[in-house]
Amino acid sequence: MKSVILLSALTLATTVAASAQEKKEYPKPEGMRPAMTEFWTPQPKVVTPGDIATNSAPSDAVVLFDGKDLSAWTSSGNGGPAEWDVHDGVFTVNKKKGDIQTRESFGSFQLHIEWQVPENITGSSQSRGNSGIFLQNKYEIQILDCYQNETYANGQTGSVYKQVIPLANAMRKPGEWNVYDIIYNAPVFNEDGTYKVNPTVTVIQNGIVLLNNFTIRGTTEYIGHPRVEKHGDGPIKLQSHGDPSEPINFRNIWLRKL
Ligand code: MG
C-alpha cells in the first residue's frame with residue numbers, strides 16, 4: 001500500500017514538472033533550398049573580349065594606342081603633343097623628348113600594355129632598356145631589360161620601383177614582346193593627407209604574377225623614401241629614362257576603368 005502511494009506521488013510530481021517545462025512553440029526556420037542563395041540581378045554587363053588573332057582591345061576599354069598615333073598622349077614636360085616615334089604599328093621612346101602621359105586621368109583601372117626591348121640592346125643593370133609606367137603619375141612600375149641582366153632586386157622589372165622585390169623574373173629575351181597586365185586600386189585619403197586606404201597593385205608579366213595585390217607605400221623616389229602625397233585621379237605616364245641604351249618600343253595599350 002505504501003509503495004502504491006509513493007508511486008502515485010512520483011507520477012504526479014513528474015507530470016507537473018513536465019508541464020512546467022513545456023516549451024512555447026515558435027515557427028521553425030524554413031529549410032534551405034538551392035534557390036535561396038542564387039541571385040539573378042544585377043547581371044554583369046556584357047564585355048566583348050578582344051580578338052586573339054588581331055590582339056584588339058575589349059569592347060569597353062579606353063584605347064590608348066592601337067598602332068596608329070599618339071593622340072591619347074601628351075608631352076609631360078610642356079603639355080604639347082607626345083613626340084615619341086610612331087612606326088610600323090608601334091612607338092619608340094624618344095629620349096630627347098622626355099616623358100609622355102595620357103591626356104585623360106584615371107582612378108582605379110586594369111591596364112594592358114606591351115613593350116619590347118630591342119634585340120641590339122646594350123648596357124647593364126639600370127642602364128639597359130629602362131623605362132617605367134607611372135600609375136596616376138605617382139607610382140612607378142619598373143620596365144627594364146632584366147633578361148640575364150642583374151640589378152638591385154627592388155628595382156627590377158615589375159617592381160614598384162624601390163619598394164618591393166617582384167615574385168619572379170618573367171622576362172622574354174630582347175627582340176620579343178613582353179605583356180604587362182596591371183590591376184591598380186587608387187588610394188583613399190584622410191583629410192590630413194595620409195592614406196585612409198593605400199593604393200594597391202597587381203602586376204602580371206607574360207601571364208606570370210610579379211606583384212600580388214601589393215600595398216604601395218607612397219610615391220616613387222629615386223633618392224630617399226616614398227612620400228605620401230594627397231592626389232585625385234591622374235594620368236598614366238611613360239618614362240623616358242636618361243640611360244644611354246637603345247630605346248624600347250610599346251604597342252597595344254588599353255585600359256578598363258574599375
Ligand atoms: Mg624606370
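For ligands, and for the atoms within them, numbers begin at 1 and follow the listed sequence.
Counting only residues at least two apart or in different chains, ring pair (Phe, Tyr, Trp, His ring centres under 6.0 Å) contacts with residues 109-146 comprise Phe109-Tyr184, His112-Trp254, Trp115-Tyr180, Tyr139-His231. Each side chain to side chain donor-acceptor pair (under 3.5 Å) pair with one or both residues in residues 56-68, not counting sequence neighbours, appears once here: Lys45-Asp60, Asp60-Arg256, Asp66-Lys68.
Side chains of Glu114 and Asn252: a donor on one and an acceptor on the other come within 3.5 Å.
Atom CG of Asn169 sits about 9.5 Å away from atom CG of Asn149, to the nearest 0.5 Å.
Outside the 6.0 Å centre-distance limit, the rings of Phe65 and Phe250 are not counted as a close aromatic pair.
Atoms of the protein (N, O or S only) found under 2.8 Å from the Mg ion (ligand 1) are Asn130 OD1, Ser131 O, Glu140 OE2, Gln142 OE1, Gln239 OE1.
Scanning for side-chain contact (heavy atoms from CB on, under 4.5 Å) contacts around Ala168 gives Ile208, Leu210, with sequence neighbours left out.
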